[in-house]
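The sequence lines fix the lettering, A, B, ..., with proteins before strands; numbering per chain opens at 1.
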Amino acid sequence: MPELPEVETIARFLRQGIADQPGILGRKVAGAQVLWARTVAEPDVSSFQERLPGQTIQHIDRRGKFLLLRLSQETLLIHLRMSGDLIVEPLNQALAPHHRVTLEFEDGWRLAFNDARKFGRMWLVADPQSVLGNLGPEPFDRSLEGVGFYNRVSSFRRQLKPLLMDQHFLAGLGNIYTDEALHLARLHPLTISSSLTLQQSNLLLDCIRQVLQDGIDRHGTSIDWVYRGGDYQRYLRVYQRTGEPCLVCGAPVERLVVGQRGTHYCPSCQVLSALTS
DNA sequence: CACGAGACCTGTTCGC
DNA sequence: TGCGAACAGGTCTCGT
């Protein structure tokens with residue numbers, strides 16, 4: 001579930017609360033449990049557990065697919081990877097099977113990091129930049145407008161699908177929203193980035209922003225057992241619609257594998273010309 | 001530089 | 001019904 005719209009949705013719910021889960025701003029950490037050591041990427045587990053107590057959650061931000069919990073002294077960065085989720089629940093509730101780390105607050109609540117596949121990671125650091133490194137720009141960054149995105153896209157000779165998913169190129173897109181944006185822009189996933197015209201690249205940027213904003217407005221995409229309450233899955237154009245009719249032209253959606261990722265597109269709307277492959 | 005394969009993990013669905 | 005293969009929202013590292 002976690003691409004930019006889902007992480008943004010979680011950031012908002014952690015700030016404001018949702019349904020029976022209160023927000024966590026202003027809460028003070030009393031202790032931390034680590035149930036799967038590798039979830040804590042930095043520092044070592046004992047330092048992690050020693051440094052968290054006493055720190056208060058002051059701000060919650062998102063950068064790409066990273067969540068940033070700004071604490072009194074440090075920042076806790078969380079990456080949900082494939083199956084991570086964050087749940088606010090009462091301390092007296094039994095620990096669910098896939099909880100990997102929990103932060104216990106003074107007032108009877110805890111924040112639980114639930115992650116079936118164990119790919120998720122968190123970092124407790126003084127300087128978030130040490131983790132975020134050379135992450136690419138946010139898709140809504142104004143510097144991409146005009147020729148900004150065009151200059152970036154055309155500086156690489158790479159297939160669009162893997163390029164857009166490369167977090168060093170642009171921060172936030174994953175498999176779902178990349179397929180959706182390419183379909184909306186009528187660009188074949190294998191199009192070589194340096195072949196795009198200024199008009200095409202600006203259309204692509206607009207489409208990326210549109211699918212991300214729609215995803216945020218719909219509170220993300222909920223598929224299978226990872227559920228966040230979003231319903232953007234009802235509006236997907238091609239993702240996981242192999243064989244079903246394209247919503248634009250009716251041709252059956254096709255699936256191919258690009259960079260080891262399932263890739264969905266309409267062979268009629270998204271034509272790969274010899275010049276751009 | 002760009003791409004593909006393999007790792008890291010568990011759970012669900014598909015095909016025979 | 002049963003069982004292995006394929007597949008899943010991500011990212012890193014290595015070899016070519």
Peer 1: How many Å lie between CG on A:D166 and C1' on C:dT13, as a whole number?
Peer 2: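 So the CG-C1' distance, A:D166 to C:dT13, works out to 14 Å.
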Peer 1: Starting at CH2 of A:W36 and ending at P of B:dT10, how long is that distance when rounded to a whole Å?
Peer 2: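 So the CH2-P distance, A:W36 to B:dT10, works out to 6 Å.
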Peer 1: Separation of A:Q159 atom CD from B:dA2 atom P, in whole Å?
Peer 2: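 Distance check: A:Q159 CD to B:dA2 P gives 11 Å.
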Peer 1: Please determine if A:R234 and A:D231 form a salt bridge, counting it only when a charged side-chain N lies under 4.0 Å from a carboxylate O.
Peer 2: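 Yes, A:R234 and A:D231 are salt-bridged.
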Peer 1: What is the distance, rounded to the nearest whole Å, between atom CG of A:N134 and atom P of C:dT11?
Peer 2: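 Whole-Å distance recorded here is 13 Å.
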Peer 1: Does A:Q167 make a side-chain N or O approach to OP1 or OP2 of C:dT11 shorter than 4.0 Å?
Peer 2: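 So the side chain of A:Q167 is within the cut-off, an N or O lying under 4.0 Å from OP1 or OP2 of C:dT11.
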Peer 1: Take atom P in C:dA6 and the same atom in B:dA5, then report the distance between them in whole Å.
Peer 2: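 Approximately 14 Å lies between the P atom of C:dA6 and that of B:dA5.
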Peer 1: Starting from P on C:dG10, measure out to CG on A:D179 and report it in whole angstrom.
Peer 2: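 Rounding to the nearest Å, CG of A:D179 and P of C:dG10 are 10 Å apart.
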Peer 1: Salt bridge or not between A:K28 and A:D107? Use side-chain N to carboxylate O under 4.0 Å.
Peer 2: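 A salt bridge is absent here (no side-chain N lies under 4.0 Å from a carboxylate O).
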Peer 1: With a non-hydrogen cut-off below 4.0 angstrom, is A:Q260 in contact with a base, only sugar-phosphate, or nothing?
Peer 2: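 Touches a base.
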Peer 1: Between A:F113 and A:W36 (judged by ring centroids, cut-off 6.0 Å), do the two rings come close enough to count as a pair?
Peer 2: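 No, ring centres 6.0 Å or more apart.
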Peer 1: Give a yes/no on whether any side-chain N or O of A:H79 is located under 4.0 angstrom from OP1 or OP2 of C:dT11.
Peer 2: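 Answer yes for this pair, as a side-chain N or O of A:H79 is under 4.0 Å from OP1 or OP2.
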Peer 1: Applying the side chain to side chain contact (heavy atoms under 4.5 Å, CB included) criterion to A:T178, which one of A:L163, A:L160, A:T263, A:L164 satisfies it?
Peer 2: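 In the set A:L163, A:L160, A:T263, A:L164, the residue that makes a side chain to side chain contact (heavy atoms under 4.5 Å, CB included) with A:T178 is A:L164.
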Peer 1: Please identify which of these residues, A:T191, A:L205, A:L187, meets the side chain to side chain contact (heavy atoms under 4.5 Å, CB included) condition with A:Q200.
Peer 2: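 Checked A:T191, A:L205, A:L187 against A:Q200; only one passes side chain to side chain contact (heavy atoms under 4.5 Å, CB included): A:L187.
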Peer 1: So what's C:dG9 paired with, Watson-Crick or G-U wobble, going by both distances under 3.5 Å?
Peer 2: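 None - no nucleotide pairs with C:dG9, as no candidate has both distances under 3.5 Å.
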Peer 1: Write down the distance separating the P atoms in B:dC14 and C:dG9, rounded off to the nearest Å.
Peer 2: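 My reading of the P atoms in B:dC14 and C:dG9 gives 15 Å.
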Peer 1: Could you state the CG-P distance from A:L135 to C:dC12, rounded to the nearest angstrom?
Peer 2: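 Going from CG in A:L135 over to P in C:dC12 covers 9 Å.
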Peer 1: I want to check one thing: is the phosphate of C:dG9, taken as OP1 and OP2, less than 4.0 Å away from some side-chain N or O of A:Y239?
Peer 2: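 Yes, such a contact exists.
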Peer 1: Would you measure the distance from the P atom in B:dC9 across to the matching atom in C:dC3 and give it in whole Å?
Peer 2: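 Between the two P atoms, the distance is 26 Å.
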Peer 1: Can A:F119 be called stacked on B:dC8 when the rule is centres closer than 5.5 Å and an angle between planes below 30°?
Peer 2: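 Here the ring of A:F119 and the base of B:dC8 are stacked, with centres under 5.5 Å and planes under 30°.
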Peer 1: Could you please name the option among B:dA2, B:dG11, C:dG10 that lies closest to any side-chain atom of A:H98?
Peer 2: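 Selected nucleotide: B:dG11.
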Peer 1: Fit a plane to each ring of A:F156 and A:F169, take the angle between them on a 0 to 90° scale, and name the class: parallel (under 30°), tilted (30 to 60°) or perpendicular (over 60°).
Peer 2: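 Judged by the thresholds at 30° and 60°, the geometry between A:F156 and A:F169 is perpendicular.
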Peer 1: Base, sugar-phosphate, or nothing: which does A:R121 touch, judged by heavy atoms less than 4.0 Å apart?
Peer 2: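 Answer is nothing: A:R121 stays at 4.0 Å or more from every strand.
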Peer 1: Go through B:dC8, C:dT11, C:dG9 for me and flag the one nearest to the A:R38 side chain.
Peer 2: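 The nucleotide sitting nearest to the side chain is B:dC8.
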Peer 1: Can you figure out which of B:dC8, C:dT11, C:dG9 approaches the side chain of A:K65 most closely?
Peer 2: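 Among B:dC8, C:dT11, C:dG9, the one nearest the side chain of A:K65 is C:dT11.
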Peer 1: Picking from C:dT11, C:dC12, C:dC7, which would you name as closest to the side chain of A:H168?
Peer 2: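 Selected nucleotide: C:dC12.
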Peer 1: Rounding to a whole Å, what distance do you find between A:R117:CZ and B:dT12:C1'?
Peer 2: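 For the pair A:R117 CZ and B:dT12 C1', the rounded distance is 11 Å.
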Peer 1: Please give, in whole Å, the distance from C:dA8 C1' to A:K118 NZ?
Peer 2: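 In whole Å, C:dA8 C1' and A:K118 NZ are 17 Å from each other.
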